[in-house]
There are 2 protein chains.
Amino acid sequence: MKQSKILIPTKKEAPADAEALSHKMMVRAGYIYQVSAGVWAYLPMAYRVIRKVENIIREEMDKAGAVEMMLPALLPADLWKKSGRYESYGDNLFKLKDRRDREFILGPTHEETITSILRDSVQSYKKLPLVVYQLQDKFRDEDRPRYGILRGKEFEMLDGYSFSADQAGLDEAYNLQAKAYRNIFDKIGLDYKVILADSGTMGGKNSQEFSAPAEVGEDTIAYTDGTYAANLEKATSKFVGVQQTADPAELQKQATPGAHSVDEAAESLGLESSQIIKSMLYMAKMDEEETVPVLVLMRGNDEVNETKVENALDCEELSLATEEDAEKYLGAHPGSLGPVGVGEEVKILADNYVKVLVNMACGANEDGFHYVNANLDRDFRVDEFGDFRNVQEGEIAPDGQPIKFTRGIELGHIFKLGTHYSKILGAQVLDQNGRQTDMVMGCYGIGVSRLLSAVAEQTADEHGLAWPDSIAPFDVHVIPVNAKNEEQMQMAESITKTLEAAGYEVLLDDRKERAGVKFADADLIGLPLRVTVGKKASEGIVEVKIRKTGETIEIKQEEIENTVGILLKQLTPATETAAD
Amino acid sequence: MKQSKILIPTKKEAPADAEALSHKMMVRAGYIYQVSAGVWAYLPMAYRVIRKVENIIREEMDKAGAVEMMLPALLPADLWKKSGRYESYGDNLFKLKDRRDREFILGPTHEETITSILRDSVQSYKKLPLVVYQLQDKFRDEDRPRYGILRGKEFEMLDGYSFSADQAGLDEAYNLQAKAYRNIFDKIGLDYKVILADSGTMGGKNSQEFSAPAEVGEDTIAYTDGTYAANLEKATSKFVGVQQTADPAELQKQATPGAHSVDEAAESLGLESSQIIKSMLYMAKMDEEETVPVLVLMRGNDEVNETKVENALDCEELSLATEEDAEKYLGAHPGSLGPVGVGEEVKILADNYVKVLVNMACGANEDGFHYVNANLDRDFRVDEFGDFRNVQEGEIAPDGQPIKFTRGIELGHIFKLGTHYSKILGAQVLDQNGRQTDMVMGCYGIGVSRLLSAVAEQTADEHGLAWPDSIAPFDVHVIPVNAKNEEQMQMAESITKTLEAAGYEVLLDDRKERAGVKFADADLIGLPLRVTVGKKASEGIVEVKIRKTGETIEIKQEEIENTVGILLKQLTPATETAAD
C-alpha cells in the first residue's frame, strides 16, 4: 500500500487536553480524530488495527463454538424498563424518541435484547447450549470521557452471551470463553492479569476480569507474584489483627476543636490513628421504598471499601450521607461522628479489625468533641462485623504472598449471569422432564477500541506508537530516503513487491517529503519493522530497523524476505503458539 | 458447522404484517428478528450473508484504491446545522441530547463529518486524491418502515467519499467507483440496472443509481432494451408533439357542475382529456424568506413530475397548494383551476406538449366552471415551457427504443458532489499555484442490508430463500435423513469433513428432527446445494439437490467433492469473471 493513498494525518503536537501517552500518540500518529468529546473517528490506520483485533477475536470465538450475529444499537426502552436498567443505568444511558414519540435507548450492552430473542426462538433444552456474540459499537453517555478512545461515548465491544439449560452448561460455556479470552490477549501480546472483580450492575455473582496494567488505568489492582489478582473493590487479605489486652479505661469526652480528619483527631488526642475509629455514615437504598442510614466503623488508618459494604447490605445503592442526614441521625457533622449512643434506627457495621481494639477514640456525635476509651459492647454496639476495608500493599493475599498494587485498564469481563434476565423476561425452556426451567445465562465482553489504548499504553514511547506485529496495521514500513532518487524508489518498490508476494503487509512511503519527516512519521506510526533504502542502495544494501528496540541491521536486498520473516517471528509473543 | 450450534429459529408462519416475499421468508427461515418496527436483529445466518457481501465490497474497494475507516454514529448536531441538513432532513433525523444537554444526531450519512476531517487533515493538493469508505450502521427515522430489512430505521451502508483537487480528479474517482459498484453487483449475481437518478437532498448534480428490479421496489424505473434506464423522476422521452392547426375559436365559459377531475371535465365537456389543460397549483419555497405560488400546466392525460418542476424552479421545497392557497391566489378550489386571467404574482410553467394545443379547455378559476377554446398568448400566458411530465410506457427513450416500466429497489447511488460541502465547511487545499481551492468531492453508497432483501426478492420462491453461492451463508447443506441411523450420520459427517477440507462451507443438519422438518427447513434456509444422506447410504450413494432449480442427482460418496465443485461453478454468475 502506498502511503500517499492512505489518510495518515501525523501531527507534531498532541492535543492540549491529552494526558495519556496512548491518546497523545494515537492522535499525533494520525490514527484517530476527535469528532466530539468522547466521540472518535477511526482513521484508516486505527481501523486496520481494529480489524486485526476483530479477526483474532473471531478465530477464538469460532474455536469456542460461539456464533456471530448482530443486534441493533437502537433499542426500545420498554425492555430496559422491564429489567430495571432503564433506571439503574442512570445518566450513562443515551435516551431518545422516534417521530412517533416512542422511547428508545442506544444500547450499551444487550442482555435484554438477546434474552428476548432466545425466549422467542428456543423452547426446548435440546436446542441448548447456544453461544452467540457480536462485534458492535456501543453507546454510553460517559460523565468524563477521557484518555482518547480509552473511555469514549461510542466504542466497539465484543459482547457474547451463552444460554444453557442448567448450571453445568453455563460452567462449560464460561470456561470456554475464559480460555478464548486468554488466547485472544495472548495472541495480541498484551500484558494482562486475570482478576477477581465485582460484578457491578450486571446482576451476576461469578465473574472474572481481564485487566492490562497501565498507569492510566481506572482501576487499582491488588496482585501478588503468585496466583492472586483482584480489583481493589474485591481484594482481601489475611486477617492479622491481635486482640489488644489493656484494661478498659473510663469513657471520657474530650474537646478536639478544629479536628475534622482522623489525622487531626490523632494529633489532638495524642493517639495513633489506628487507635481511632473512623465512623462514616452512609445512606443505603434497599429498594424503592426503604433507605436506611448505615454507620461504618474502621480503624483510622484504613479506607472504607464501599463495594464490600454494598455487598454486605445487599442494597441497590450506597451513598455517603449528606451533612443534613448526619445531623438528623447522629446530631453532628462528619468529622465528629461515632458509634457511642447511636440508636437502633442506624445500622452499625464494623470492620473486623475494630473487634480487637480496646480503649478506642471516636467522634462524640457533638461537633468538636471526641470520646476516648470507648469500648465495644460496653459503650457502643455493632450489628455486623466483616471485611469492609481496602487491602493495603504488603499485606498477605489469600495465596500467601505479599500484595502489590498497580493501575489497570479493564479489557474484558466474563460473568456467570445465571437466571436473572431469563426470569425477568420469561426466557424458559422445557427440560428433560418436560418442566419449564429458566435458561441459565453467561455474558462476556471485551472492549475492542479501548484495547487499542491499552496496547498503546504498554508499548508506545516518546517517539510514538510501537505495535506488536499481531495487530500492527502493516508489518513493514519501507522508506526510500530520497524520493527523487530513482534507484532508491525502484528498490523500495521492488522490496515492497517481494514482501507483499510473501504475504506481508507493507506500507511504502512514496511521499515527496524530507528524510527526517519520513523517519519521524515512521517512528510515530510504529510499524514493527522499518526498511530504509538510502545511499547504499547502489551497493544493494538496505537498513532494517526494529521499532521496539531501535536496533538496526544492514542487509543485502536479496536477504529482505528472510530477514523480515526471522525478525517478525522473534517479535511475536511466545504465548501465541503456546496458548492453543 | 453443526446446525445444532447455530441459532436458526425457522417458523411455519410469516408475520401477519409481512407483505414482501423477502420479509416473509427471511423471518420464516430464521435469518432476522424484529426488535421494534423497522429495527432488526441479524441472526447468525443473515449475518453470514452480510459478512460475505462486506468481503466482496472490501475486495472491490481495495482494487479501486479506496481505504477503509470508521466514523462514529453519534454526531454533534452543530455540523449538520451548518450544512443545513439538520433542518432539511426533517423528521427522518434521529436527534438526542447527552447528559450535558449537548445536541447530537445519529448519522444517516457522513458527508459533514468526513469533510471536516479532511479539512483538518489535508492542506495541499499533493495529498489528494484520497478515497475513503466505511461499512457502518446508519440511522433514519423512517415514517413507514416496511418490507423487513428493506426499509429500516437502522441499516448497514457502505458509504464512500472521494476528495480531489480538481474536477478531473473527481471524474476519475467517480469512474473507478462506478466500475467497482458494477463489479460488486456482478459478483453477487444480482439483476440490476444502472440508471439516471435525481440527486435528492445530496446536493450533487451528477449521479448514477444502481437499482434491482423487484415488485416491492419503491421506485419506478423507465428502461429500454437498449442502453437507457432512468428513475421515473428523471426519465425523458422524445418530444413527438405536433402543432394543432384548427383556427382559434372564441373563449367560452361553461358550467361543469360536479366535475372535479380531468376525466369528469372531459365527460362534461365532450372532449378528449388530452385537449384539457390540467392546472396544478404548487407552493415553491425558494429560501427561508420567499415562497411563491406556481401553476403547472399539462395535458389532462399526463402526470406532473414534481422533481422536474422542482429542478426547473431550483427551489428548496415544492408542495401542492392547500385549498386555502388555491382560493387565495386563484379564487377557486383545485379541480376548477386554470391559467386564464392569472396575475403576475403566480408563476406559470407549462409542459412542452401544451405548446402545440389549440382551443384547449381549462378550469375557469370559478368553482363548477371551465373555459373552452382557451389559446396560448391570446387567453393566458406561460412564463416557462419545459419537460414537466412523467414519461409513459411505450414512448421513445433518448436511445431510440421504446420505454418499459419496472419497479426497482435502490441498491446504490454514486454522486459527483462537487464543492458543496467543502465550501460550507471550509475544506480547502493549496493548489499547484499556491492558491486556496475547494476540495472536489464525490460520495458513494450501497445499502448493504437492503441488498439482502433485493437478492431475496429476486431469488426466493414459495418454499423459501435461494441464495446465490456468492453470498450464501454456507455452500452446502448436508442432511442425514434419519439422525438415529449411525451409518447415515457417519457418512454425513464424513462428507462434511471432505467438503470443508476442500474449502467449502458446510451446514450439517445434526438435529434429531423428522426428515420432513429437515427438508422443509433446508428449502427455507436456501443454501445453493443440499446433500441428502438417506437409505442408499448403505450403497454409498447420496442425493445432491440444486435449490434454485429443484433438480436432483444421485452420486457416489467419493464423487461429492467433484460434483459440488462443478455444480457451484455452474451456479456462479458468468459476470463474476467477465467484470474484472
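Here is the naming used below: chain letters follow the sequence lines, and residue numbers restart at 1 for every chain.
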**Student:** Which pair of non-hydrogen atoms, one from B:Arg28 and one from B:Leu524, has the smallest distance, and what is that distance?
**Tutor:** O-CD1, 3.6 Å
**Student:** Would you mind checking which part of A:Lys95 comes under 4.5 Å of any heavy atom in chain B, side chain (CB onward), backbone (N, CA, C, O), both or neither?
**Tutor:**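 Interface part for A:Lys95: backbone (N, CA, C, O).
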**Student:** Is it the backbone or the side chain of B:Asp78 that comes under 4.5 Å from a heavy atom of chain A, or both, or neither?
**Tutor:** neither
**Student:** Specify which of B:Phe104, B:Tyr33, B:Phe139 makes the most heavy-atom pairs with chain A at under 4.5 Å.
**Tutor:** B:Tyr33
**Student:** Side chain, backbone, both or neither: which part of B:Lys126 has an atom under 4.5 Å from a heavy atom of chain A?
**Tutor:**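 For B:Lys126, there is no contact with chain A at all, as no heavy atom is under 4.5 Å.
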**Student:** Chain A heavy atoms under 4.5 Å from B:Glu154: which part of the residue, side chain, backbone, both or neither?
**Tutor:**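 Just its side chain gets close to chain A.
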**Student:** Where on A:Glu112 is there a heavy atom nearer than 4.5 Å to chain B: the side chain, the backbone, both, or neither?
**Tutor:**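 Nothing of A:Glu112, per the 4.5 Å heavy-atom cut-off to chain B.
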**Student:** Is A:Met45 close to chain B through its backbone or its side chain, or both, or neither, when contacts mean heavy atoms under 4.5 Å?
**Tutor:**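 For A:Met45, no heavy atom lies under 4.5 Å from chain B.
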**Student:** Where on A:Glu142 is there a heavy atom nearer than 4.5 Å to chain B: the side chain, the backbone, both, or neither?
**Tutor:** backbone
**Student:** Quick check: does any side chain N or O of B:Tyr31 sit under 3.5 Å from a backbone N or O of B:Ile525, one acting as donor and the other as acceptor?
**Tutor:** yes
**Student:** Is it the backbone or the side chain of A:Leu79 that comes under 4.5 Å from a heavy atom of chain B, or both, or neither?
**Tutor:**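 Neither part; nothing is under 4.5 Å.
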**Student:** Under a 3.5 Å cutoff, is there a donor and acceptor pairing between the side chains of A:Tyr133 and A:Asp159?
**Tutor:** no
**Student:** Go through the atoms of B:Thr10 and report whether side chain, backbone, both or neither lie under 4.5 Å from a heavy atom of chain A.
**Tutor:**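 Neither part.
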**Student:** Most heavy-atom pairs under 4.5 angstrom with chain B, which of A:Pro9, A:Pro44, A:Gly30?
**Tutor:** A:Pro44
**Student:** We want to know whether A:Lys138 and A:Gln136 form a side-chain donor-acceptor pair, criterion being a heavy-atom distance below 3.5 angstrom.
**Tutor:** yes
**Student:** Which bit of A:Thr113 comes within less than 4.5 Å of chain B, counting heavy atoms only: side chain, backbone, both or neither?
**Tutor:** side chain
**Student:** Report which part of A:Leu74 has an atom under 4.5 Å of a heavy atom belonging to chain B: side chain, backbone, both, or neither.
**Tutor:**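 It is both, since atoms from each part get that close.
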**Student:** Is the A:Phe155 to A:Trp40 ring centre distance short of 6.0 Å?
**Tutor:**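 No - the distance between ring centres of A:Phe155 and A:Trp40 does not fall below the 6.0 Å cut-off.
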**Student:** Please classify the contact between A:Lys2 and chain B as side chain, backbone, both or neither, with a heavy-atom cut-off of under 4.5 Å.
**Tutor:** neither
**Student:** Using non-hydrogen atoms and a 4.5 Å limit, figure out which bit of A:Asp62 sits close to chain B: side chain, backbone, both or neither.
**Tutor:** neither
**Student:** Please look at B:Ile6 and chain A and tell me whether the side chain, the backbone, both or neither of the residue comes under 4.5 angstrom of a heavy atom of that chain.
**Tutor:**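 The answer is both parts of B:Ile6.
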**Student:** Which atoms of B:Ile114 are under 4.5 Å from chain A, going by heavy atoms: the side chain, the backbone, both sets, or neither?
**Tutor:**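 B:Ile114 has no heavy atom closer than 4.5 Å to chain A.
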**Student:** Have A:Thr109 and A:Glu111 got a donor and an acceptor in their side chains that come within less than 3.5 Å?
**Tutor:**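 Yes, side-chain donor-acceptor contact under 3.5 Å.
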**Student:** Pick one: which of A:Asp137, A:Asp141, A:Asp91 meets salt bridge (Lys or Arg N to Asp or Glu O under 4.0 Å) with A:Lys153?
**Tutor:** A:Asp141
**Student:** Less than 4.5 Å to any heavy atom of chain A: does that hold for the side chain of B:Gln134, its backbone, both, or neither?
**Tutor:** neither
**Student:** A:Arg48 versus chain B, heavy atoms under 4.5 Å apart: side chain, backbone, both or neither?
**Tutor:**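 No part of it gets close to chain B.
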**Student:** Counting only non-hydrogen atoms closer than 4.5 Å, does A:Leu106 touch chain B with its backbone (N, CA, C, O), its side chain (CB onward), both, or neither?
**Tutor:** side chain
**Student:** So for B:Gln3, is it side chain, backbone, both, or neither that comes closer than 4.5 Å to the heavy atoms of chain A?
**Tutor:**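 Looking at B:Gln3, nothing touches chain A.
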**Student:** Give, as side chain, backbone, both or neither, the part of B:Ala73 having an atom under 4.5 angstrom from any heavy atom of chain A.
**Tutor:** both
**Student:** Determine yes or no for a side-chain-to-main-chain donor-acceptor pair under 3.5 angstrom, with A:His110 supplying the side chain and A:Pro72 the backbone.
**Tutor:** yes
**Student:** I'd like to know if the side chain of B:Arg140 and the backbone of B:Gly152 have a donor-acceptor N/O pair within less than 3.5 Å.
**Tutor:** no
**Student:** Counting heavy-atom pairs under 4.5 Å with chain B, which one of A:Val39, A:Leu71, A:Ile50 comes out on top?
**Tutor:**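 Sorted descending by pairs with chain B, the first entry is A:Val39.
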**Student:** Is A:Tyr47 in contact with chain B via its backbone, its side chain, both, or neither, using a 4.5 Å heavy-atom distance?
**Tutor:** side chain
**Student:** Using modelled atom types only, decide if a donor and an acceptor are shared between the side chain of B:Arg511 and the backbone of B:Ser4 within a distance under 3.5 Å.
**Tutor:** no
